[in-house]
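What follows is a short report on a single structure.
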Amino acid sequence: MPSMNDVRSKIMEIAKRRGFYWRAYEIYGGLGGFYDYGPLGTALKDNIIQLWKEHFVIREGFLLLDSPNIGPELMYVASGHADKFTDYMVKCKKCGHAFRADELLKGYVENPEKLDDRGLWNAIVENKLRCPDCGGELSYPERFHLMFVTRVGLDKKAFLRPETAQGIFINFPIFYRLNREKLPLGVGQIGKGFRNEISPRQGLLRLREFNMAEIEFFIDPREEFPIPQELNGISLPLLTREGKEIKIEVEEAAKSGILHPAMAYFMARIVEFLSSLGIDLSRIRFRQHFKEELAHYSQDTWDCEINLSQGWVEVIGIAYRGDYDLRRHMEYSGKDLTALRRFKEPKKIRVKKLRAKMNVLGPLFKEKARKIAEILESIEFHEGEIEIEVDGEKIKVPQDAYEIVTEEESIGGERFVPHVVEPSFGIDRLLYAVLEHSYYEREESGYKVLRLSPRIAPIKAGIFPLVNKEELVEIAKKIETAVRNAGISCYYDDSGSIGRRYARADEIGVPFCITVDYDSMKDDTVTIRDRDSAQQKRVSISHLPEILEKLCREEISFGDLDAYEERS
RNA sequence: GCGGGUGUAGUCUAGUGGUAGGACGGGGGCUUCCCAAGCCUCUGGCCCGGGUUCGAACCCCGGCACCCGCACCA
């Protein structure tokens, strides 16, 4: 077994040499926190996303959204990011060093992080704070945004989204309608997020522009949420904020109240998903955030962490966001983002109500009559003269301007703000984790292999003539065309020896290699080699596209091939 | 952002002021009936900018990037 850090540098080396990913803008000296995905990386990323969609969108019947990267300032004021996503920095006027203002004030004032620029400045002046490095004078606190700021048109301030979630929240009413006004409702979004990290590091693990896949799962907090039967028995490795490590089955975790059932449900789905990606389930855990670690929107968060060569890395966050987001967007936009909780039986109630008599109100109040009528009909039952306020003016409405009626009303439900459970996937981190957990070196030879599942492998097949002879080459090239035409990514290779070609294929995780040999000319069969076992089986050339397709969808396994060949 | 380290071909790496070398890889050819065999041949490099020097991959300054630690990661 190579040491952990060994794995990491080997992955980085393969990634660049073979074209998974590399640092962006290298010819201009690079730019920290930005990476390019090459041919293999883009294919792998696409395949991971495709699998994600199958697990979390198609199987669940969730809805997809693709909303813009750039959003208006007010939305991010509402979401809390414009505020909470900001640090105040002060600079030393002499040596130019920058410091976080609240850090400097720790120990001088209580909760310095709660102060605004003015408050921080006052505290700095009162405590006569100077530059800790050179004793120089400090500047007025300035905001440092962890969001990228930009302009729309000439002067409209806007931000690049730090998460895709807000696009979903602000469209809740549309999705609610598209879901035929039913909860629970899941909306997924795959896209880029942007965070102007102070010091990005560790390759794909901390980017300034990154790929994410998020689901906002809207629920009625008063409804019970049953865990689907098919997930029963899935074991969740939990690390609670008290530091307790427990293995617990999903239904038990939900029943015992350790987890909100909807959180438990997503965790179980995540375990399934990671398993089909080829992540080693003995190296994952769900870690509960400490109270002070929680994001401004969250009541409870669990990170799905994967053990990599750099330790436990957060790859997926599952947050209970409550009604924070929808409520905030309602406040700031003034729009209704509620859902309707239907009663089993519509409630019938008899109410005494006022009904305005327009023929009296009209002549009496002229253009104000309509407004007065509206107000009258909305207020509680009253008798006698009524005083109401219209546009700040107090108006007395005489008794003969309305009548009292008794109505039977039928109320179908009540409006409420749904709660949200959000699983948020860092695709780049996931991709890196997949690479690390797939990597191994063959015992005898030390050759490098990526044990990528056929589902996500960027290239499904290599097609080789055993030796570089015209007759074999011709057949191999025909096979290549047929496989390509079936929509399966593959390549043809006749360079060097056959062993070298297998090794090259192993290193980028090609699951199957097709070799054309002399028997192929006699009976139209080829050998198909399984990457992980290095074993070969003979199959008919005519079956190849279909076989490869089934293998790559994991409908059949390599071991099934003999039976499959006999049957057909 | 701070402190420390590093930056030589696609990758890994040698080179302490005097013509930049190797290994692997990659291309072409030969050979080869199954796991990086061999032979021939080609390809390609000192992070960027300034300075010191007759002369800089090497010394100095600045920048950028990467790595380690701290801080940060809502």
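Letters go in sequence order (proteins before strands), and every chain restarts at 1. Values in this document were obtained by computation on a predicted structure and should not be read as measured data.
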Rounded to the Å, how far apart are [X] [atom1] and [N] [atom2]?
X	N	atom1	atom2	result
A/Arg18	B/A36	CZ	P	15 Å
A/Asp493	B/G25	CG	P	13 Å
A/Tyr28	B/G63	OH	C1'	17 Å
A/Arg8	B/C12	CZ	P	14 Å
A/Arg201	B/G69	CZ	P	8 Å
A/Arg17	B/G10	CZ	C1'	8 Å
A/Ile498	B/G38	CD1	P	17 Å
A/Met12	B/C12	CE	C1'	13 Å

Look at [X] together with [Y] and state whether they make a salt bridge at an N to O cut-off of under 4.0 Å.
X	Y	result
A/Arg531	A/Glu507	no
A/Arg442	A/Asp532	no
A/Glu314	A/Arg206	no

Just to be sure I understand the rule, does [X] reach a base, reach only the sugar-phosphate, or reach nothing, if contact means heavy atoms closer than 4.0 Å?
X	value
A/Arg501	nothing
A/Gly80	nothing
A/Glu507	base
A/Leu31	sugar-phosphate
A/Gly317	nothing
A/Leu466	base

Atom CD of A/Glu443 with >12 non-hydrogen neighbours under 6.0 angstrom: no
Greater than 12 external heavy atoms within 6.0 Å of A/Tyr25's OH: no
If you go through the side-chain atoms of [X], does one of them form a donor-acceptor pair with the base of [N] closer than 3.5 Å?
X	N	value
A/Asp517	B/C34	yes
A/Tyr447	B/C35	no
A/Arg206	B/C72	yes
A/Gln536	B/C34	yes

Test of ring centre spacing under 6.0 Å for A/Phe425 and A/Trp52: yes
Ring geometry between A/Phe148 and A/Phe194 (parallel below 30°, tilted from 30 to 60°, perpendicular above 60°): perpendicular
Residue whose closest nucleotide on RNA chain B lies nearer the 5' end, A/Tyr502 versus A/Glu293: A/Tyr502
Phosphate-side-chain proximity, A/Lys469 and B/U32, N/O vs OP1/OP2 below 4.0 Å: yes
Phosphate OP1/OP2 of B/A37: any A/Arg500 side-chain N/O under 4.0 Å: yes
Partner set under salt bridge (Lys or Arg N to Asp or Glu O under 4.0 Å) for A/Glu305, not counting sequence neighbours: A/Arg285, A/Arg287
Contact state string [nucleotides 39-49 of chain B, B base, S sugar-phosphate only, - no protein heavy atom under 4.0 Å]: -----------
